[in-house]
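So the structure is just underneath, and the comments pick up after that.
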Amino acid sequence: MAQAKPNENNCKQATKASAAEAARIEERIKETLKLMTVNEKIDLFHAAGKFTSLGVPRLGIRQLNHSDGPHGVRAEVDWNSWGTANWTNDSIVAFPALSCLAATWNQEMSALYGDKISEEFAFRNKDLLLGPGVSLVRNPLCGRNFEYMGEDPYLAGEMAWPYIVEVQKNGVGCCLKHFFLNNQETDRFEYNANVSERAVREIYLPAFKKCVDYGVWTIMGSYNKWLNTHCSHNNTLLNDILKKEWGFDGAVVSDWGGCHSTEEAIYGGLDIEMGSFTNGKSAGVNGEFENYYMAHPMKVLAAEGKIPMEVIDEKASRVLRTIFRTSMNPNRIIGKQCSQDHYDAALRIGEEGIVLLKNEKNILPIQPEKYNKILIVGENATRDLSKGGGSSELKTKGDVFPLDEFKAVYGDKIDYAQGYQSGELDYDNEHQVPGTVQEKLFKEAVEKAKTADLIIFIGGLNKNKHQDCEGADRKGYGLSFGQNELITALANIQKNIVVVNNGGSAYETPWLDKIQGLVHIWYLGSMGGRAMVNILSGKVCPSGKLPISWAKKLDDYYFMQFGKEAFPGVDKQVYYKDDIYVGYRHFDTHKVKPQFPFGYGLSYTTFKYGKPVISAKTMTADQKLTVSVDVTNTGNCAGKEIVQLYIGDPKCTVDRPTKELKGFKKLDLQPGETKTATFEITEEMLQYWSEAEHKFVSEPGVFKAYIAASVEDVKGMAEFKTSVLLSTKY
């Protein structure tokens, strides 16, 4: 059954409880606070286990059970350590990484993802799903890019809110993360991000605000600092912006080990302290929960009358509101685990997120009658990529691996060579594989390539330390473990070669002109092998597009022009001198040619765009314009095209990017079919942040609306003007 398309206006209302339900919860909070002691209120503010925080047992108020996501429910761990609990019934479905979800550019897939993953969380009695993540991809080397939704704040926000709405509809709360400026793992506990006010407002906050607008129930503070204060208890960020300016009514949760001070926690906006004294990874000491910053030390201050009761009640209200929305929600679903529809959803999302980057001479889809021997090369054809990566590691059941699926589809045509070895999975150490082992695997692959008619290389990154993994960034922009040399050697032997790589971000492709096909598959979860083969075989037409800009070399990214101050920082101070020019805003405006541009992705069919039609040439303060374009599938197979709207302000008193993403539609088209993509242009789309006025403003003048297939592939443009100054507060 098709997933209902998320409707923005309906979802804004559905995200929040009905007026009657909201009133009931607020009355219940008031009555509960009257019955609680001060110590019982403070007990709500800190952990009582590795992934639990207390309720009020005396009053029958349930605890909150947290669990890592955002790609599936984490395996059970010991009560107060990171050791696995060795349950036998906690294997789950791994959904594709959020980087893959972003690459679908399809809000229907986001809603489907949220609905199905929340069923598994509910079944496992989890109240808070620690995700989704909408920190932006500023740096392709960041170890957690695979958990995030690309480089653009508009795309990230629009792809996150349907996920959140569907999760919370089922009585499971999302914990949006990591708030904010968590753009690197190097020195993640202590670095201070120095960012202009304008970049904060235009680039790094909007995705979070979009999710708050849609009613996300909890938010996780990031480890790093902003304004030289940790984000988990940062008064400016959490109180002034999040709670007062944006009207967030939920609870702020610290990342594990992200709290550093009782006083800052009390007055800096933190509501639930998790994982203190564990530095985010290490085992804690049993029984230390009463020593948390927001436990006994806070009780002492309260007993001495040094904390205003309204401060305690405000925090308690937020935690109780979260409990009544989740663990004590009478409409919460029972859920289910590892059901067929969950695997089906993971498959659909994975298929739509796979991005075809090169397809010379139409080598794809694979036509089996052309080949007698197909050689699969690469460790990722058989490696379990749901393991590793840090907090998003999953214990799965019933996974489909690429090599097995290739054999199922192409039978005895398939041969395999591992080609390279990456070493054992270890978060803390980078295992070095002996050169003799690598040499043996290399020679075996090269030898087998001599008799192959087609080579499919399946490699890229994995979840080891210094790959796509929490706690450490990549050491360089190239592929590790000798993959570049191996791909080059294979391509020199057999011209029919397709490279299919995993990874949460971009990497160097020095062999690109030697291969005929390149496919980027992110991390596809439990159904990854089938999703991959369905695309490569032509059973499914590729329709994913890049949510990131893919540079030819690392130095092409703008932040690299500013040396160590911009990354990884100097004396734990990181200076965002790239300012608002993150990703395509830099490549497009500064005329730097990427390897593959933001929004780019190929198909097995072709599309023809008509001329954009705009509803009016002038936009007044009380008017919204629309721009429409017809798109026709001119090829021979059904396919989906992502139509993108960018807005540019060519003459402005401040420096602005050439154009910025402000809309997208994914059209499903049969051969010969035409559909219309229509976009509404609002005042908000025209604005920039004025550091002089401390608000979003737009200026009168001529604007350009670009209809595009990628940021570089503009299909048409329509101009309109505003005759009066439009300005509103954010």
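Side chain of K659 to main chain of V711: a donor-acceptor pair is present (N/O by atom type, distance under 3.5 Å, no hydrogens or angles). In terms of modelled atom types and a separation under 3.5 Å, the side chain of K666 and the main chain of T104 share a donor-acceptor contact.
In the model, Y609 has a side-chain atom that pairs as donor or acceptor with a side-chain atom of E641 under 3.5 Å. Between the side chains of D630 and T676, at least one donor-acceptor pair of N or O atoms lies under 3.5 Å. In the model, N183 has a side-chain atom that pairs as donor or acceptor with a side-chain atom of Y576 under 3.5 Å. Side chains of T606 and T634: a donor on one and an acceptor on the other come within 3.5 Å. Remark: the N192 side chain and the Q573 side chain contain an N/O donor-acceptor pair separated by less than 3.5 Å. Side-chain atoms of H260 and Y223 form no donor-acceptor pair, as typed in the model, at a separation below 3.5 Å. At a cut-off of 3.5 Å, with distance as the only test, no side-chain donor of Q184 or N139 sits close to an acceptor on the other residue. Under the 3.5 Å distance criterion, with hydrogens and angles disregarded, a donor-acceptor pair is assigned to the side chains of E197 and H694. For the residue pair T632 / E673, no side-chain donor-acceptor distance below 3.5 Å is found, with atom types taken as modelled.
The distance between the ring centers of Y558 and F562 falls below 6.0 angstrom. Aromatic ring centres of Y706 and Y646: separated by at least 6.0 Å. A ring-centre distance under 6.0 Å is found for W550 and Y507.
Using a 4.0 Å cut-off between a side-chain N of Lys or Arg and a carboxylate O of Asp or Glu, R585 and D579 do not qualify as a salt bridge. A salt bridge does not link K624 with E683: none of the charged nitrogens is closer than 4.0 Å to a carboxylate oxygen. Note on D713 versus K715: salt bridge recorded, some NZ/NE/NH1/NH2 to OD/OE distance being below 4.0 Å. Using a 4.0 Å cut-off between charged nitrogen and carboxylate oxygen, E352 and K640 count as a salt-bridge pair. At a threshold of 4.0 Å, the pair E470-R144 counts as salt-bridged, since one of the basic side-chain nitrogens sits closer than that to a carboxylate oxygen. Of the charged side-chain nitrogens involved, none lies within less than 4.0 Å of a carboxylate oxygen, so that E151 and R138 do not count as a salt-bridged pair. Ion pairing between a basic and an acidic side chain is recognised when a charged N comes within 4.0 Å of a carboxylate O; K593 and E712 show such pairing. A salt bridge links K553 with D556: at least one charged nitrogen is closer than 4.0 Å to a carboxylate oxygen.
Considering only residues two or more places apart in sequence or on other chains, Y523 meets the side chain to side chain donor-acceptor pair (under 3.5 Å) condition with D468. For F679, the ring pair (Phe, Tyr, Trp, His ring centres under 6.0 Å) test picks out no residue, with sequence neighbours left out.
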| message | For a salt bridge (Lys or Arg N to Asp or Glu O under 4.0 Å) check, start with the C-alpha distance between R325 and D249, then their side-chain angles and the critical distance, and finish with the verdict. | response | CA-CA 12 Å; R325 286 169 167 172; D249 69 355; 2.8 Å; yes

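For K243 and F248, the positive end is not near the middle of the six-membered ring at less than 6.0 Å and at most 45° from its axis. Cation-pi geometry between R201 and F696 is not met at under 6.0 angstrom from the ring centre and within 45 degrees of the axis.
Closest approach of L238 to G268, counting heavy atoms only: CD1-O, 3.3 Å.
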